Amino acid sequence: MKKITKSVLCVILAAALVFSLTGCAKVGYVFNGTVKAIQEVKSGDWKKAPEAENADAASASTDDPPVIDEFAAGTFGGVEFKSIEDVVKYYCAAYDKTKAKTAKYKDEEGKIVEMYAFADEKEITITDILVEGKSNAVINKLIPQLLGALYVPTIGGLQPCNAREPEKDVDEKGESLKTCRVKADDLVTANVKDGGDGKIIISMQPKTVEMSRVGMDAQGRMFTSLNDIGSVVDAVDAFSWASGTTEENCKVVYKGGTAVVTIDTKSGEIVEAHYDMHVYVNIIHASIAVVHDKSLSATVDYKCDFPASKEFYDKCNVHPVE
């Protein structure tokens, strides 16, 4: 059974908070609340993210230092790049050409399904979990176990991607994600390097965004961001705020993530890619049961590497049809 990565991540974070505030003795209570939240996310009954007047206005913090080399004009692999606009244009052309290709796969149920040919393997880690600013060894052990129990990975197409089957790969408005939406203004910086053998390596760093939405902002046009985490936190009925609103108390900042892609200049297609999204979650004024007005922070690292390995196909029980 497929699970949407961003939805499961949201629920894991909500569960992390519930575990943190109630303590380990209430595992059954937390599990029931987590399962309920998952079912609401899967059924689509959770609160929809409101329309933003300007999604790009979510771009936050002027402190956005580059974590990759700055752009330098030049000719790489026989291709001239005069500006970051040139880099984005070349990347988008390669993205569109690569993501347009599909292949037949045998899915988990043994059915033959058409999916993206250039598929990824995923790795998710949740670290730096702090309750009231302090680390808790029990929570640090429980959350990875919960993640392993709930998150069932599967393949997907180039980021951002909401579904492995192209016709289902759409944003919250139902518009296709099969073509590149990245813009030069989305980036802190980008650079190009010669990869040898007619290949070039493009690195990009999107600008910081708070509460990113897939396809709608600088981070969401580069990565499969988590959309409205606050809505999933709200799905746990017993959860409440000591003061303020979900929007005020649940901050999710995307910052410092990178995309590194290798493009074959002859075919114009992406032959290798590494998307590394960093998410910093900070929740304050949270209450549950008899525990009142607590805080939680955590870091989510979501990596998608292309192409997927045979070992990953085996792990998710989805295989290309020869």
Side-chain angles (χ1 to χ4, degrees), residues 1-16 31-32 34-46 95 98-127 141-171 176-178 214 223-227 232 235 259 261-262 269-277 279 300-322:
M1 180 172 61
K2 293 194 299 181
K3 294 182 184 288
I4 302 174
T5 300
K6 62 184 177 63
S7 299
V8 175
L9 277 173
C10 292
V11 174
I12 291 294
L13 290 170
F31 180 77
N32 291 335
T34 302
V35 169
K36 179 180 184 296
I38 291 172
Q39 294 300 327
E40 291 179 2
V41 170
K42 286 169 60 181
S43 69
D45 292 336
W46 59 327
Y95 178 104
T98 306
K99 205 169 182 181
K101 291 191 173 182
T102 61
K104 300 293 185 181
Y105 291 82
K106 181 178 289 187
D107 69 10
E108 300 89 340
E109 299 176 353
K111 298 177 181 178
I112 304 301
V113 182
E114 186 173 0
M115 305 180 194
Y116 286 116
F118 194 56
D120 68 345
E121 56 183 70
K122 304 174 178 70
E123 179 184 6
I124 300 170
T125 55
I126 300 177
T127 58
K141 290 180 180 179
L142 279 174
I143 297 308
Q145 291 173 9
L146 184 63
L147 179 61
L150 294 178
Y151 173 58
V152 179
T154 189
I155 64 171
L158 288 168
Q159 300 281 289
C161 182
N162 272 337
R164 61 193 185 182
E165 298 167 48
E167 69 275 12
K168 298 179 182 179
D169 188 16
V170 297
D171 64 19
S176 177
L177 290 167
K178 290 188 292 185
V214 175
F223 304 123
T224 306
S225 53
L226 307 183
N227 284 342
V232 186
V261 300
T262 301
E269 295 179 17
I270 297 173
V271 294
E272 185 177 336
H274 306 281
Y275 294 87
D276 189 2
M277 181 177 74
V279 188
V300 177
D301 290 324
Y302 178 31
K303 297 181 180 180
C304 296
D305 295 327
F306 296 79
S309 65
K310 180 183 182 302
E311 290 74 17
F312 189 78
Y313 285 129
D314 290 340
K315 180 179 181 180
C316 61
N317 197 25
V318 174
H319 295 89
V321 175
E322 300 296 336

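In this text, all values refer to a predicted model and were calculated from it rather than measured experimentally.
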Closest approach of [X] and [Y], non-hydrogen atoms and distance?
| X | Y | result |
| --- | --- | --- |
| Asp120 | Lys122 | OD1-NZ, 3.1 Å |
| Met277 | Thr224 | CE-O, 3.6 Å |
| Tyr105 | Ala117 | OH-O, 3.2 Å |
| Pro166 | Thr102 | CG-CG2, 3.6 Å |
| Thr154 | Cys316 | CA-CB, 3.9 Å |
| Asp107 | Val318 | CA-CG2, 4.3 Å |

Min side-chain heavy-atom separation [X]-[Y] under 4.5 Å:
| X | Y | result |
| --- | --- | --- |
| Glu114 | Lys104 | yes |
| Tyr275 | Val261 | yes |
| Leu158 | Phe306 | yes |
| Phe118 | Ile270 | yes |
| Lys106 | Ile112 | yes |
| Asp305 | Glu123 | no |

With a 3.5 Å distance limit and no angle check, can you tell me whether [X] reaches the backbone of [Y] through a side-chain donor-acceptor pair?
| X | Y | value |
| --- | --- | --- |
| Glu272 | Thr262 | no |
| Tyr95 | Gln159 | yes |
| Asp171 | Leu177 | no |
| Asp169 | Asn162 | yes |

Test: Glu108 and Arg164 ion pair at under 4.0 Å:
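Looking at Glu108 and Arg164, the cut-off is met.
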Distance, nearest 0.5 Å, that separates NZ of Lys303 from CD of Glu121
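One finds 12.0 Å between NZ of Lys303 and CD of Glu121.
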Between CD of Glu165 and CD1 of Ile155, what distance do you get to the nearest 0.5 Å?
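It comes to 9.5 Å.
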Please determine, by modelled atom types, if Thr98 and Glu269 share a side-chain donor-acceptor pair under 3.5 angstrom.
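Per modelled atom types, Thr98 and Glu269 side chains form no pair under 3.5 Å.
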